[in-house]
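This report concerns only the one structure given below.
Naming convention: chains lettered A, B, ... in sequence-line order (proteins, then strands); numbering from 1 in each chain. These numbers come from the heavy atoms of this one structure, side chains and all, not from hydrogens, waters or symmetry mates. Everything numeric here is computed off the predicted structure, so don't read it as measured data.
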Amino acid sequence: MIQAIRGTKDILPDTISHWYYVEETARKVSELFGYKEIRTPIFEKTEVFSRGVGEQTDIVNKEMYTFTDRGGDSITLRPEMTAALVRAVIQNSVVQQQVISRLWYFGPFFRYERPQKGRLRQFHQFGAECISSPYPESDAEIIHLAATFCKSLGIDDYQLIINTLGNENSRSEYRRILVDYLSANKSQLSAESKNRLEANPLRVLDSKDEQDREIISNAPNILDCLDEESHQHFQQVLGILDYLNIPYKINSRLVRGLDYYSHTVFELQHNSLGAQDSFGGGGRYNSLFSQLGGKDTPAVGFAMGVERLLLILESINKIPVPSILADYYIVFANSDYSNIAFKIAEKLRMRGKKTICDVQRRSMKAQMREAGKLNIPFVIIIAEEELKQNSVVLKNMSDGSQQIIEIDEL
RNA sequence: GCGGUCUUAGCUCAGUCGGUAGAGCACCAGAUUGUGGCUCUGGGUGUCACGGGUUCAAAUCCCGUAGAUCGCCCCA
């Protein structure tokens with residue numbers, strides 16, 4: 001048997017309604033905030049991500065699906081949206097200077113990782129980006145949008161973890177202090193963290209190694225290293241969240257894995273997910289545009305993992321029942337009547353009624369059984385006796401009542 | 001990339017000491033010469049994940065591979 005690629009999943013007809021539900025909610029909520037959808041190619045030149053996401057990140061280092069195409073170019077299946085979106089925005093001059101651009105997206109992404117529950121090699125994300133504002137109002141708007149989306153889906157028992165990395169000055173100042181501290185304790189750090197100390201010292205704060213954590217717990221705090229601008233920015237974001245009654249938890253060790261963040265970073269966590277408890281995250285990325293060759297443009301955004309959202313919705317029983325498959329099922333006693341059945345079906349469909357006819361030449365009983373099993377509210381029965389009067393039987397399946405009705409009056 | 005557990009019917013699973021498979025649900029047909037649900041009767045629909053080895057004989061023991069899952073790592 002040929003199997004699907006490891007870490008990929010078929011979305012089968014019995015769960016497709018779950019996806020429609022999440023997608024429709026994403027579209028609806030995005031539109032409520034004035035966001036417009038953007039769709040970009042599934043693959044990009046590799047440099048979009050190596051320059052955008054950051055050479056030292058694990059995503060770029062070991063998780064990308066990269067190949068050389070027949071023309072000799074290095075191509076990568078997108079592992080995330082933000083860098084690709086920024087590339088598209090720069091290329092198409094979507095953003096005019098100082099004109100706000102509110103964009104959302106929904107689609108597949110690819111990372112070569114060890115698959116696990118809630119972690120696939122092809123997975124889907126819903127996300128939104130607010131481009132052109134350096135102000136904390138746009139950070140708050142993005143978080144508000146994410147929170148509203150969760151609320152619309154009925155997810156309310158999640159945690160919003162928030163932190164700030166500060167502006168360039170604060171960040172490099174903090175990095176210097178942190179490297180000093182960690183270097184002093186270098187001998188006790190795990191091998192992993194020693195490497196990170198060179199490549200990306202902030203990430204050491206993420207370590208789950210027990211001894212690392214002890215060292216980290218005494219490490220200098222970024223919140224103490226913020227300059228006035230960075231501090232103000234963060235406080236104003238929190239102020240709006242407070243006013244909106246959006247609960248959050250500050251965690252000064254939250255740094256997130258992508259290189260392009262500055263100022264606000266946040267993560268959404270739900271405890272039903274096990275080891276992969278994060279189902280969404282985002283932050284501000286003021287330097288990404290220039291890194292990808294565009295004009296300096298401030299922006300902030302988030303992404304959510306759709307598969308993880310679905311796991312949460314299942315665990316809290318918030319997946320709505322799908323609508324009925326059809327309004328009418330046309331049963332015919334004899335395959336000679338199939339042309340009449342098709343004609344009636346056409347008429348009903350033209351009126352927007354979902355209609356099914358048997359195509360297996362099965363007995364009336366089997367057809368009725370199927371209509372019952374599918375929960376179809378009305379059955380039209382075509383049979384000899386009524387047909388003499390140019391009529392059919394209309395049966396109400398919920399109470400079993402039936403009436404004879406002329407075909408022309410259907 | 002590392003470690004643990006697992007893989008038998010469409011689904012959930014049983015299968016003893018090694019003797020080429022079974023239950024419930026689902027599905028199909030009939031009881032019902034023109035009608036679903038309830039009931040009864042009948043039907044097993046299978047590459048025992050895949051490939052090799054041991055054996056007279058393997059779902060069962062051994063090795064390898066693939067996939068799933070849990071943890072590490074990473075992230076959505």
Side-chain angles (χ1 to χ4, degrees), chain A residues 1-9 12 14 22 53 57-64 79-82 105-127 146 190-193 195-196 200 203 206-210 254-258 266-270 273-282 301-312 329-334 337 360 362-387 392-402 404:
Chain A
M1 185 174 50
I2 302 175
Q3 289 184 328
I5 303 282
R6 177 175 190 167
T8 68
K9 238 164 89 179
L12 299 173
D14 58 333
V22 172
V53 179
T57 62
D58 282 9
I59 291 180
V60 170
N61 263 334
K62 39 190 193 191
E63 295 177 2
M64 293 205 305
E80 61 114 44
M81 187 63 172
T82 306
Y105 61 87
F106 191 110
F109 297 89
F110 307 85
R111 289 182 202 172
Y112 190 87
E113 293 187 273
R114 181 81 172 241
Q116 241 176 80
K117 187 174 187 165
R119 194 173 77 184
L120 298 166
R121 289 184 175 179
Q122 176 176 345
F123 58 100
H124 296 76
Q125 288 189 337
F126 156 58
S190 64
E192 185 81 37
S193 292
N195 286 336
R196 287 206 179 129
N200 195 347
R203 296 290 317 288
D206 267 347
S207 175
K208 283 171 188 160
D209 181 275
E210 219 169 285
L254 175 70
V255 293
R256 300 193 51 76
L258 292 79
F266 62 95
E267 207 167 287
L268 305 170
Q269 299 176 354
H270 195 276
L273 294 172
Q276 281 73 239
D277 63 350
S278 156
F279 66 96
F302 74 83
M304 295 212 205
V306 178
E307 283 82 359
R308 291 184 187 179
L309 283 166
L310 290 170
L311 288 172
I312 294 169
Y329 191 109
I330 302 181
V331 167
F332 43 104
N334 180 321
Y337 303 149
Q360 288 177 287
R362 296 197 292 172
S363 67
M364 275 185 74
K365 183 185 176 64
Q367 296 177 56
M368 287 299 299
R369 191 164 45 228
E370 186 176 24
K373 193 185 68 194
L374 295 173
N375 252 315
I376 292 168
F378 293 100
V379 165
I380 289 169
I381 302 165
I382 304 172
E384 193 177 2
E385 197 175 311
E386 289 79 10
L387 216 48
V392 293
V393 176
L394 176 64
K395 176 160 182 162
N396 180 331
M397 294 294 274
S398 57
D399 61 15
S401 66
Q402 54 185 54
I404 295 166

Task: Strand-adjacent residues in residues 373-383 of chain A, judged by heavy atoms under 4.0 Å from RNA chain B - done: Lys373(A), Ile381(A), Ala383(A)
Task: Gln116(A) side chain near rG71(B) phosphate (N/O to OP1/OP2, under 4.0 Å) - done: yes
Open item on the list: Regarding Glu63(A), tell me which of base, sugar-phosphate or nothing describes its non-hydrogen contacts under 4.0 Å with the strands shown.
Closed with: sugar-phosphate
- [ ] May I ask you to verify if any side-chain N or O of Arg308(A) is less than 4.0 angstrom from the OP1 or OP2 atom of rA76(B)?
- [x] no
TODO: Classify the nucleic acid contact of Leu120(A) as base, sugar-phosphate or nothing, counting any heavy atom under 4.0 Å across all strands shown.
DONE: base
Task: Side-chain N or O of Arg114(A) closer than 4.0 Å to phosphate OP1/OP2 of rC72(B) - done: no
Open item on the list: If you go through the side-chain atoms of Gln367(A), does one of them form a donor-acceptor pair with the base of rU35(B) closer than 3.5 Å?
Closed with: no
Task: Distance-only donor-acceptor test, Arg111(A) side-chain atoms vs rA76(B) base atoms, 3.5 Å - done: yes
- [ ] Please state whether the base of rC73(B) and the side chain of Arg119(A) form at least one donor-acceptor pair under 3.5 Å?
- [x] yes
Task: Residues Lys9(A), Glu307(A): salt bridge by 4.0 Å N-O rule - done: no
- [ ] Determine: side-chain N/O of Arg121(A) to OP1/OP2 of rG67(B), distance under 4.0 Å, yes or no.
- [x] no
- [ ] Measure the distance from NZ on Lys117(A) to P on rC75(B) and round it to the nearest whole Å.
- [x] 22 Å
- [ ] Remember a base hit wins even if backbone is also touched, and classify Glu80(A) as base, sugar-phosphate or nothing at under 4.0 Å, heavy atoms.
- [x] nothing
TODO: Indicate, with a heavy-atom threshold strictly under 4.0 Å, whether Gly7(A) touches base, sugar-phosphate, or nothing.
DONE: sugar-phosphate
- [ ] Mind checking Val331(A) for me? I need base, sugar-phosphate or nothing, with any heavy atom below 4.0 Å counting as a touch.
- [x] nothing
Open item on the list: Under 5.5 Å centre to centre and under 30° between planes: does that hold for Phe279(A) and the six-membered base ring of rA76(B)?
Closed with: no
Open item on the list: rG36(B), OP1 or OP2 - any side-chain N/O from Lys365(A) closer than 4.0 Å?
Closed with: yes
TODO: Can you sort out the partners of Arg121(A) under salt bridge (charged side-chain N to carboxylate O under 4.0 Å, His left out), two or more places apart, ordered by chain and number?
DONE: none
Open item on the list: So, using side-chain hydrogen bond (donor to acceptor under 3.5 Å, both in side chains) as the criterion, who are the partners of Ser193(A) when residues are at least two apart?
Closed with: Ser190(A), Asp212(A)
TODO: Pick base, sugar-phosphate or nothing for Glu386(A), based on heavy-atom distances below 4.0 Å to the nucleic acid.
DONE: base
- [ ] Check every strand shown and say whether Gly118(A) touches a base, only sugar-phosphate, or nothing at a heavy-atom separation below 4.0 Å.
- [x] base
TODO: Determine the Euclidean distance between corresponding C1' atoms of rC17(B) and rC73(B); express it in Å to zero decimal places.
DONE: 44 Å
Open item on the list: I'd like to know if Glu113(A) reaches the base of rG1(B) with its side chain, counting only an N/O donor and acceptor under 3.5 Å.
Closed with: no
Task: Nucleotide rU32(B), atom P - distance to CZ of Arg369(A) in whole Å - done: 15 Å
